[in-house]
Amino acid sequence: MAGRSHVEEARRATLERLRERGIDPFAYRYERTHTTAQALAGFDPDTAGTVRLAGRLVALRGHGKTTFAHLEDGAGRMQLYFRRDEVGDEAYELVKLLDLGDVIGIEGDVFRTRTGEITVRARAVTLLTKALRPLPLGKSDAAGDVHGGLADPETRYRQRYADLAVHPDVREVFRVRARAISYVRAFLDERGFLEVETPVLQPLYGGAMARPFTTHHNSLDRNLYLRIATELYLKRCVVGGLERVYEIGKDFRNEGIDRLHNPEFTMLEVYQAYADYTDMMALTEEMVAGVVQHVTGGVRIERFGRLLDFSPPWPRRSYLELVHEHAGVDLRTADDDALRAPLRTRGVEALDALPRTKLVDEIFKEFVEPTLQDPSFVVDFPIEVSPLAKPKRGDPILAERFEFFVFGRELANAFSELNDPDDQRRRFAAQVAARAAGDDEAQRMDEDFVRALEYGMPPTGGMGLGIDRLIMVLAKQTSIRDVILFPMLRAET
RNA sequence: GCGCCGCUAGCUCAAUUGGCAGAGCAACUGACUCUUAAUCAGUAGGUUCCCGGUUCGAUUCCGGGGCGGCGUACCA
């Protein structure tokens, strides 16, 4: 590997010196008795005990025959104090060869320094892993401000290992993520939902409006798609008698990348037989409020300067009313030109080419979505933009469908699932026609799915929740990249 | 896709009108037995993202390209 920096050359020289002393720079294991947090919490000045800690050196201050350091592990950080006369000449020589970023094990007694910091007075030190590349560790001053460190966003995403290694708060985001997902699983498991896994590689994609990734299976010699949703397979499960199912997994959509979109993202989909969309509203409220409570300790939380109240029930606003209120258009009576008029005032381009469904969608996005800042449901969508949802009882131009919004962003989408196979076939046919007219996100005819419905799917409520976007709210992140460990980037040059 | 901004030492950042490319931290040598952005003395470290152009001379100006951020469009 060419282009080694002089810092790396120095580390490799140190590596050789360690080996000459018979020290293995890449040890096999270490028996630790405490984490730093346990050692700090358990400190008692009268019964100062011995601890064995392991972690990464994140600060190092040599003073001749003494050395201070900070060790960071998965639980926190703790100061170390080495004295030549206490660890011995040989061990102290090793201490002098330690670098920032090295992983070490330390054994010693816990005490409090003159300046008051609880510290381990080292008796023995073990090198566990030599860091051959310098970590961009910043220095924190008394005010807590970090000097130096790793700031370049490109390096942070490309080398997430370095980002994580130097930023405990980044590690915390992914702990929040794990806690949230684990809560969702427990919540659904307790209510009798069965977690299932359905195909990622699909002969036909469906269940959402999006362009897919295409791949090829060599021995079958056929093209396959990466799924854009789990919906159609999960409903096949319900047909088969798995009455309550859910899946948490990656969907893949071949679209642009921005702070709200990553080409692969995590979606929860839940289906419950004998339920409708009102049941799914109750489920969504209870589950999301539970996650928020579990992760943050409360259901009323402040995020980005706004107080969000997740305690059920959430406000429910009708799609038609919202459009009328914010765009001044009555979708029941307005013709296409009446839909274009308000859009023109907002400078939306290329309206003439758009079919009515897109105009409606555009009005909702432009005029209504930005107003949906607090947690709320939008209910009863136009049926022509809801090809997998049942008609609304008593008002068949609408579908029994809702979306859940926070900060003007859709986090969840749910329906009373369409289970009339003939109607489903007609809806697919309309999608196929839209595709023929140029809508490359329209759905495909899925004859196998219609066949499944012909066997009879019980009345079913279904809901999909964008996990990454929920995590953004919980973990106070403004970019989806910051809640995905390894977000999609262009090739490194 | 499009628009704006950025890319300089391992890291964080400077560099006047186009005039020898600098600092702090990290590194190296030395001093230092309660320090904490440790301190002190000294040393070394550069394809200024890449390609081309203008110029006596380009980190700087111009053109093209790469990567990233933000905004916008599509989408969850």
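Within every chain, numbering begins at 1; the chains are lettered A, B, ... in the order of the sequence lines, protein sequences first and strands thereafter. Here the structure is a predicted model, which means the values were calculated and not measured.
A:Gly466 comes within 4.0 angstrom of no nucleic acid atom, judged by non-hydrogen atoms across all strands. Residue A:Leu489 is classed as a sugar-phosphate contact, given heavy-atom separations below 4.0 Å to backbone atoms only. A:Arg158 comes within 4.0 angstrom of the backbone, heavy atoms only, and of no base.
The side chain of A:Phe111 lies closest to B:C34 when the candidates are B:A38, B:C34, B:G71. The side chain of A:Phe68 sits closest to B:C34 out of B:G68, B:C70, B:C34. Of the candidate nucleotides B:G68, B:A27, B:A38, B:G68 has the atom nearest to the side chain of A:Arg490.
Searching all strands for a Watson-Crick or G-U wobble partner of B:A37 with both distances below 3.5 Å returns nothing. Nucleotide B:G63 is matched to B:C51 when pairs are restricted to Watson-Crick or G-U wobble geometry with both distances under 3.5 angstrom. B:U17 is unpaired under the criterion used here, namely a Watson-Crick or G-U wobble arrangement in which both key atom distances are under 3.5 Å. With a cut-off of 3.5 Å on both Watson-Crick or G-U wobble distances, the partner of B:G3 is given as B:C70.
Both tests do not hold together for A:Arg160 against A:Phe486: distance to the six-membered ring centre under 6.0 Å, angle to the ring axis within 45°. Seen from the ring of A:Tyr233, A:Arg236 counts as a face-on cation partner, given the 6.0 Å and 45° thresholds.
At least one side-chain heavy atom of A:Leu489 sits under 4.5 Å from a side-chain heavy atom of A:Arg158.
A distance-only check finds a donor-acceptor pair linking the side chain of A:Asp73 to the backbone of A:Thr36 [under 3.5 Å].
Applying the 3.5 Å distance criterion, the base of B:C13 shares no donor-acceptor pair with the side chain of A:Asp152.
For B:A37, the base is stacked against the aromatic ring of A:His147, per a cut-off of 5.5 Å between centres and 30° between planes.
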